[in-house]
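The sequence lines fix the lettering, A, B, ..., with proteins before strands; numbering per chain opens at 1. The structure displayed is predicted, hence computed values, not measured ones.
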Number of protein chains: 2
Amino acid sequence: MPRTATITPTEEDARLQALGYRLTAPRRAIIATLREAGRFCTATQLHERITARDVGLASVYRTLELLAEVGLAERRAEVGGEASFLYCSPRHHHHVICTDCGTVREIDAAFCPDEAVTRAVEAATDFQIARHTMDFHGLCADCQGGG
Amino acid sequence: MPRTATITPTEEDARLQALGYRLTAPRRAIIATLREAGRFCTATQLHERITARDVGLASVYRTLELLAEVGLAERRAEVGGEASFLYCSPRHHHHVICTDCGTVREIDAAFCPDEAVTRAVEAATDFQIARHTMDFHGLCADCQGGG
DNA sequence: CGCTTATTGACACAGGCTCTCAATAGCCGT
DNA sequence: ACGGCTATTGAGAGCCTGTGTCAATAAGCG
Ligand SMILES: [Mn+2]
Ligand SMILES: [Mn+2]
Ligand SMILES: [Zn+2]
Ligand SMILES: [Zn+2]
């Protein structure tokens with residue numbers, strides 16, 4: 001029996017480690033906070049939100065940069081010049097984004113465009129398609145009620 | 001017969017005008033340059049590229065902001081904090097983006113996800129889907145040859 | 001062809017993001 | 001478990017993108 005609660009490394013943590021990056025407390029905090037947010041977050045927002053430990057703002061930026069590089073986060077341009085980041089699970093997936101409250105939910109590859117579509121695009125463009133993105137925008141269940 | 005070459009307002013120019021915005025020389029230059037680039041461009045890049053007239057950098061920023069607002073451009077976050085803009089035609093369309101040289105080509109709505117897919121996403125998520133985005137990434141014809 | 005006023009360009013300025021560097025803490029080998 | 005190597009961190013200075021201000025200009029309209 002484990003004496004103390006074993007800190008189970010999440011799947012994302014493991015991925016970072018596999019790529020040779022050190023699994024540090026600040027990184028864990030940032031990743032967890034971003035994942036639990038379930039929406040696009042700015043570095044400042046995450047920095048304010050992390051309370052368990054004193055994480056420097058520069059480290060938040062550095063980690064977000066790293067996550068985007070590795071594919072665990074998606075960077076988006078925000079009006080006002082401040083970038084936003086969304087947590088992305090390691091698996092291929094797509095997004096459903098609420099246009100009202102900003103909530104994001106992942107949907108799995110079952111909804112991917114048919115292989116035939118990709119072939120058709122290749123035929124029409126002479127591109128050699130390697131990957132795709134697809135997002136759906138609309139109102140989440142909570143935001144459909146009120147005006 | 002026209003004595004001088006009539007400057008035909010492009011479809012985008014007309015759209016701006018219809019929305020009550022004035023069709024100025026700087027705006028035309030910026031739009032034309034962005035459209036002809038056929039790729040994501042930063043404000044600085046566009047500013048350097050516009051030679052026909054002396055356009056202020058602030059005006060480039062303002063126009064790009066306007067275009068994004070109206071739907072004639074798509075804003076993207078770039079590594080390094082500088083935002084990039086891609087010209088987007090007024091019609092609904094999707095993108096094929098070269099992962100090597102950055103060239104972007106539009107493909108039309110014929111490749112849209114089937115209506116049934118959108119319905120399935122709605123059923124799976126309880127969202128009310130209003131619109132979607134879909135981009136394909138791969139190598140353009142020119143970039144497939146060499147390594 | 002003038003009048004009205006949206007738009008421009010220059011420049012000052014704000015704030016997001018990065019760089020530097022000494023201190024800290026993962027990770028590995030023992 | 002312990003110690004060493006070095007990636008990583010946090011603080012703060014500094015850079016650079018992007019915005020606000022304002023007088024001058026020009027688009028649109030009668
Ligand atoms: Mn995702
Ligand atoms: Mn487009
Ligand atoms: Zn919502
Ligand atoms: Zn290419």
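Relative to the side chain of B:Ala83, the nucleotides D:dA11, C:dG9, D:dG18 differ in distance, and D:dG18 lies closest.
In this structure, A:Ala43 reaches neither bases nor backbone, as no heavy-atom distance under 4.0 Å exists between it and the strands shown.
Taking the six-membered ring for Trp and the full ring otherwise, the centers of A:His132 and A:His92 sit less than 6.0 Å from each other.
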Under 3.5 Å, side-chain donor or acceptor atoms of residues 54-62 of chain A against the rest of the protein: list the pairs with distances, not counting sequence neighbours.
unit_1	atom_1	unit_2	atom_2	d
A:Ser59	OG	A:Arg62	NH2	3.3

Subject >> Per-nucleotide protein contact string for nucleotides 19-30 of chain D (B base, S sugar-phosphate only, - none; heavy atom under 4.0 Å) >> reply: B-B----BBS--
Subject >> side-chain contact (heavy atoms from CB on, under 4.5 Å) evaluation trace for A:Cys140 with A:Cys101 >> reply: CA-CA 8 Å; A:Cys140 75; A:Cys101 70; 3.9 Å; yes
**OP:** Assess whether side-chain hydrogen bond (donor to acceptor under 3.5 Å, both in side chains) is satisfied between B:Glu74 and B:Tyr87, documenting all intermediate values.
**Re:** CA-CA 7 Å; B:Glu74 181 183 323; B:Tyr87 170 80; over 6 Å; no
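Computed from coordinates, the A:His47 NE2 to C:dG16 P distance equals 13 Å when rounded to whole Å. Rounded to an integer number of Å, the gap from CD1 of B:Ile50 to C1' of C:dT8 is 13 Å. The nearest whole Å value for the distance from the CG atom in A:Leu46 to the C1' atom in D:dG10 is 17 Å. Rounded to a whole Å, the CZ atom of A:Arg28 is 20 Å from the P atom of D:dA7. For the pair A:Ile31 CD1 and D:dT8 P, the interatomic distance rounds to 12 Å; values are reported in whole Å. The CD-C1' distance, from A:Gln45 to C:dG15, rounds to 15 Å in whole Å. Distance A:Glu78 CD to C:dC17 C1': 16 Å, rounded to the nearest Å.
Side-chain contact annotation: B:Thr42 with B:Glu78, donor-acceptor N/O pair under 3.5 Å absent.
Over its full length, the helix from C:dC1-D:dG30 to C:dT30-D:dA1 turns its helical axis through 70°, comparing axes from the five pairs at each end and rounding to 10°.
For the pair A:Thr133 and A:His95, the minimum side-chain heavy-atom distance is 4.5 Å or more. Side-chain atoms of B:Arg75 and A:Val79, non-hydrogen and from C-beta on, do get closer than 4.5 Å to each other.
For D:dA7, the OP1/OP2 oxygens have no side-chain nitrogen or oxygen of A:Arg27 closer than 4.0 Å.
The pair A:Arg15-A:Glu11 does not meet the salt-bridge criterion, since no charged nitrogen lies less than 4.0 angstrom from a carboxylate oxygen. A:Glu106 has no carboxylate O lying under 4.0 Å from a charged side-chain N of A:Arg91, or vice versa, which leaves the two without a salt bridge.
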